[in-house]
Structure formats: structure tokens, C-alpha cells
2 protein chains.
Amino acid sequence: MKDKPRADRRTNPLTRDVIVQASVEILDAAGERALTFRALSAHLSTGAGAIYHHVASKSELLTAVTDEVIAGALHHGDDEVEPEQAIRAVMLDVFDAIDAHPWVGAQLAAEPWQPAVLRIFNRVGVSLEALDVPEGFQFDATSALVHHILGVAGQYAAGARLTGPDADRSAFLGAVAAQWATTVAADEYPFLARIAKMLSEHDDREQFRAGVDLILAGIAALR
Amino acid sequence: MKDKPRADRRTNPLTRDVIVQASVEILDAAGERALTFRALSAHLSTGAGAIYHHVASKSELLTAVTDEVIAGALHHGDDEVEPEQAIRAVMLDVFDAIDAHPWVGAQLAAEPWQPAVLRIFNRVGVSLEALDVPEGFQFDATSALVHHILGVAGQYAAGARLTGPDADRSAFLGAVAAQWATTVAADEYPFLARIAKMLSEHDDREQFRAGVDLILAGIAALR
DNA sequence: CGAAGTGATGGAACGACGTTCCAAAGCAAG
DNA sequence: CTTGCTTTGGAACGTCGTTCCATCACTTCG
């Protein structure tokens with residue numbers, strides 16, 4: 001036992017998990033641009049070299065942090081409800097995780113086949129098997145659902161990055177819509193001009209859910 | 001007229017278009033990581049300051065370059081064929097553009113509401129209006145299609161970035177699948193384990209098209 | 001109980017990047 | 001020719017990811 005004299009140096013051992021947790025705190029508090037090895041060093045009262053002893057690179061750290069959040073978000077049970085509801089629950093779990101941590105969306109959209117994506121892919125696929133989807137169609141159907149997540153993730157996360165951590169999203173979208181109405185020529189972009197007003201009023205979560213409904217209806221029609 | 005003595009300084013004027021074209025060449029030849037203001041300066045035989053006189057920042061340059069490629073890819077006519085075929089044509093045009101320039105995919109997935117995305121969004125929406133989609137549903141339906149593009153874009157582009165400009169994609173996917181079979185525990189990721197073998201054989205373009213079919217079938221079912 | 005070894009630590013240093021700054025050069029107007 | 005404005009290009013700045021290495025704490029063995 002080393003109860004007292006263990007000095008002040010390394011009272012808590014600086015493990016990979018500690019680094020990941022600190023990264024989540026920095027990312028949530030100040031956004032993805034704020035996560036640097038210098039900020040991390042300061043936050044952990046250590047040097048960059050010590051961090052590199054536990055983590056190979058920044059991209060490896062980002063995938064680990066992303067997987068941490070996604071794994072925590074997928075704690076829904078998947079064998080109790082009917083399969084279609086299970087899929088909806090998983091999809092919304094991921095959306096809510098991105099909503100709570102916009103940097104997760106950026107990371108999911110940027111890195112292919114990273115552990116977090118595999119986790120989502122598998123989870124969606126498992127729920128999809130319970131439907132009467134033929135085996136040759138399961139891959140395409142699961143991919144469509146996952147791509148929908150990733151597409152929304154990229155746009156949503158990037159939007160949140162532009163607005164800042166606490167800005168009003170509907171105000172931001174209203175500004176975008178206003179810019180459409182002025183900058184964008186109505187004759188060049190007729191569809192945009194017509195739905196510009198809907199943009200500021202729409203609910204991202206509802207739109208995401210509508211997309212899920214669309215894909216599920218397509219699966220039901222084509223299976 | 002200044003036909004001869006125009007000297008060596010101002011032989012060709014270094015305009016914004018010249019910079020965009022040079023950027024496309026660098027990106028296509030060496031990937032997105034190769035596009036730096038130093039490489040651009042060398043390629044154009046100038047200095048960084050001169051470039052900044054025509055372009056505000058690197059991200060502005062990237063959005064301009066992306067819009068250039070997407071605008072060139074959307075030259076399909078949209079008023080001659082039946083609307084559903086028009087949508088398929090637009091979707092595949094964008095996919096093929098991303099296939100030819102993987103960095104476009106990364107950029108599309110990263111920046112929200114950039115001009116290139118608006119261009120795609122409007123084009124899909126215009127074609128969608130010709131279907132019997134009720135007005136309140138057009139926004140959600142168009143968003144689902146665009147999100148599908150963006151989701152695929154991010155994954156596909158990032159995959160191409162990992163493999164390099166000329167590597168064999170199916171070989172890369174085979175390696176990913178092999179890693180699934182070994183690293184990923186079959187009991188933890190049952191669906192992935194079962195589908196791993198399909199990954200190396202699948203055709204990305206066909207899978208993208210299957211996703212489009214899925215969403216279109218969903219639109220037809222819900223409208 | 002002390003010596004030797006091993007992994008962890010943290011800070012300095014490196015190269016590359018985006019961006020800014022500024023002096024020189026071209027060109028148009030008086 | 002002179003004056004003023006735009007364009008040019010290269011030097012310089014600050015920050016980043018990453019590498020390197022001297023030092024330290026702790027275990028293991030004689």
C-alpha cells in the first residue's frame with residue numbers, strides 16, 4: 001500500500017480512458033477545434049509525450065472518443081419490442097447522441113468503417129433481420145439506413161459547428177433561409193426559393209424521423 | 001494592344017478561376033491532403049499572398065472548387081424524361097462525380113448548406129415536384145435523397161482517401177472484411193460477421209442505386 | 001537492502017500548415 | 001513624368017501534430 005507518500009506526481013495514473021474522458025469534456029465544452037494535444041496536456045497537467053504513450057495519434061483518439069459516445073448511446077434493448085420499432089429506437093438514439101455531441105457527427109461522417117460505424121451498422125442490421133427482409137437485401141437495406149444517419153450527421157454537426165455550442169439553431173436556419181431568398185436567384189433555384197420558409201420552421205429531429213419512415217416504407221415495399 | 005512587351009510578370013493574370021482549376025488538378029492528382037497554399041503557390045509560380053488576394057480562405061476555396069465540380073456534373077437535362085428517371089439520373093451523376101473526385105465527397109459531407117449542396121438539393125427537388133408528392137412532403141423527401149448522397153459521399157470518399165488515388169477498392173474492402181472476421185467477435189457483432197463476405201464482393205455504385213430505389217419506393221408508398 | 005532495469009512522464013524541439021504583412025512592381029489617370 | 005491603386009510574391013508569425021530525450025517512479029533481482 002502506498003497510501004500517503006505517493007507524492008503529487010501521478011496521483012491518478014493517466015490511462016487511455018482518462019485521456020478519452022478528458023477529450024469528451026473538451027469537445028463538449030469548446031468544440032472540435034478546441035481539442036489539441038496542448039489543450040489536452042494542460043487539462044491533464046501533463047505533456048504531449050505522455051499522451052502519445054497511450055494514444056497513437058489524434059485520429060486514433062478521435063475514433064476512440066467517437067466509439068465511446070456511440071457505445072453509450074446504444075444502450076437500448078433490441079429484443080423486446082417489435083423489430084420496426086427497434087430500428088426506429090436505434091436510429092433516434094444515434095441522432096440524439098449527435099445532437100448532444102455535434103463533433104460526433106463530423107467524425108462519423110469523416111471516417112469510414114470506424115468502430116462506431118460498425119457498431120451502428122451491426123445494431124441496425126440485427127434489428128433488420130427480425131423483419132422479413134431477404135438475406136440478399138439486408139446489406140443494401142442496412143446501408144441505406146446507416147447512410148441516412150451519416151448524411152444527417154455531417155450536415156447537422158457542421159451546422160452546429162457554425163452556430164457555436166449554444167446558439168439558437170432555428171435562428172441560424174432562418175438566416176440561411178433569408179440568404180437563400182436574397183442571394184439565390186429564384187429562377188435559378190426555383191425549388192429552394194419555394195421551400196426556403198420551411199427551413200427555418202422545420203424540426204431536424206422530425207425530418208430525420210421522416211427519412212427513417214421513408215426508408216422503412218421502401219424496405220416494406222421492396223422486400 | 002500590348003501584344004509583345006507585356007513582359008514576363010503578367011503573362012497570365014492569375015484570376016480566381018485559374019486558382020480553382022489548379023486546385024482541382026492538385027486534388028485529383030494527389031488527394032485533399034496535398035492541397036496546401038504552398039503547393040498551390042508552386043503550381044502557379046506565385047506566392048501565398050497573391051492567392052489570398054483572390055480567395056478569402058482555404059475553406060472558401062474548397063467550397064468553390066466543390067461547387068465547380070458539382071455544377072459540371074449536373075449537366076443532365078431534367079425536363080425530358082419521366083420524373084423518377086430524372087431523379088435517378090441526378091443521383092447517379094453526383095455519385096459518379098464523387099467517384100471521379102473523392103475529395104468532393106469529403107467536402108460535401110463536411111460543410112452544410114454550401115453552394116454545391118444547394119445545387120443538388122434544388123435539382124433533386126425540382127425533379128421531385130414532377131411526381132405527385134404533396135407539397136408538405138417534398139422537403140422531407142428531398143432531404144432524404146440528399147442525405148443519402150451525403151452519407152455515401154462521406155464513406156466513399158474517406159475509403160478512397162485511405163486506399164490512395166489508384167488502389168484497388170475491392171482489395172481494400174476485402175481487407176476490411178477480413179479484419180471484421182478476425183478482430184470483431186462474432187457474438188458481439190453477429191450481423192457484421194454474417195455479412196463480411198458480401199462486403200468485398202459488393203459494388204458501391206449498385207449499392208448506392210439500391211438505396212435510391214429504396215427511398216423512391218418509400219416516397220411512392222407514403223405520398 | 002541496494003543496484004539495475006523498465007516503463008511512464010513531461011517538456012523542448014521540429015517541420016508543416018493557414019494566414020498576415022509588407023515592399024516592390026505594374027498599370028491607369030492627370 | 002508623376003501620382004495613386006491594384007496586383008504580386010516572398011518573408012514572417014503563431015499554432016498544430018508529432019518526435020525526441022532526459023528524468024523519474026517503481027519493480028525485480030542479487
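Each chain gets a letter, A, B and so on, in the order the sequences are listed, and its residues count up from 1.
What separates CZ of B/R38 from P of D/dG9 is a distance of 16 Å, to the nearest Å. What separates CD1 of A/I51 from P of C/dA8 is a distance of 15 Å, to the nearest Å. Rounded to an integer number of Å, the gap from CD of A/E32 to P of D/dG17 is 12 Å. In this structure, A/F37 places its CZ atom 18 Å from P of C/dA12, rounding to the nearest Å. To the nearest angstrom, P of D/dT8 lies 13 Å from CG of B/L40. Between the CZ atom of A/R33 and the P atom of D/dT15 there is a distance of 12 Å, rounded to whole Å. For the pair A/Y52 OH and D/dT18 P, the computed distance is 3 Å after rounding to whole Å.
Here the nucleotide nearest the side chain of A/L14, chosen from C/dG18, C/dG10, D/dT8, is C/dG10. In this structure, the nucleotide among D/dC16, D/dT18, C/dT20 sitting nearest to the side chain of A/T36 is D/dC16. Residue A/A50 has its side chain nearest to C/dT9 when only C/dT9, D/dG9, D/dT18 are considered.
Side-chain contact check for A/P112 versus A/V117: every heavy-atom pair is 4.5 Å or farther apart.
Aromatic ring pairs are classed by plane angle as parallel below 30°, tilted from 30° to 60° and perpendicular above 60°; the pair A/F208 and A/H148 is parallel. Ring pair A/F139/A/F121 is perpendicular by interplanar angle, where above 60° counts as perpendicular and below 30° as parallel.
Here A/L35 lies in heavy-atom contact (under 4.0 Å) with sugar-phosphate atoms only. Within the nucleic acid shown, B/L44 has no heavy atom closer than 4.0 Å to any nucleic acid atom.
In this model, no donor atom of one side chain and acceptor atom of the other lie less than 3.5 Å apart for A/Q114 and A/T63.
Within the structure, salt bridge (Lys or Arg N to Asp or Glu O under 4.0 Å) contacts touching residues 35-54 of chain A (residues at least two apart or in different chains) do not occur. The stretch residues 87-98 of chain B participates, sequence neighbours left out, in these salt bridge (Lys or Arg N to Asp or Glu O under 4.0 Å) pairs: B/E84-B/R88, B/R88-B/D213, B/D96-B/R205.
Dashed line: the shortest gap from a side-chain N or O of B/T46 to OP1 or OP2 of D/dG9 is under 4.0 Å.
Residues B/A109 and B/G154 approach most closely at CB-CA, 3.9 Å, considering heavy atoms.
Within residues 53-66 of chain A, the residues approached by DNA chain C to less than 4.0 Å at the level of any non-hydrogen atom are A/H53, A/H54, in residue-number order.
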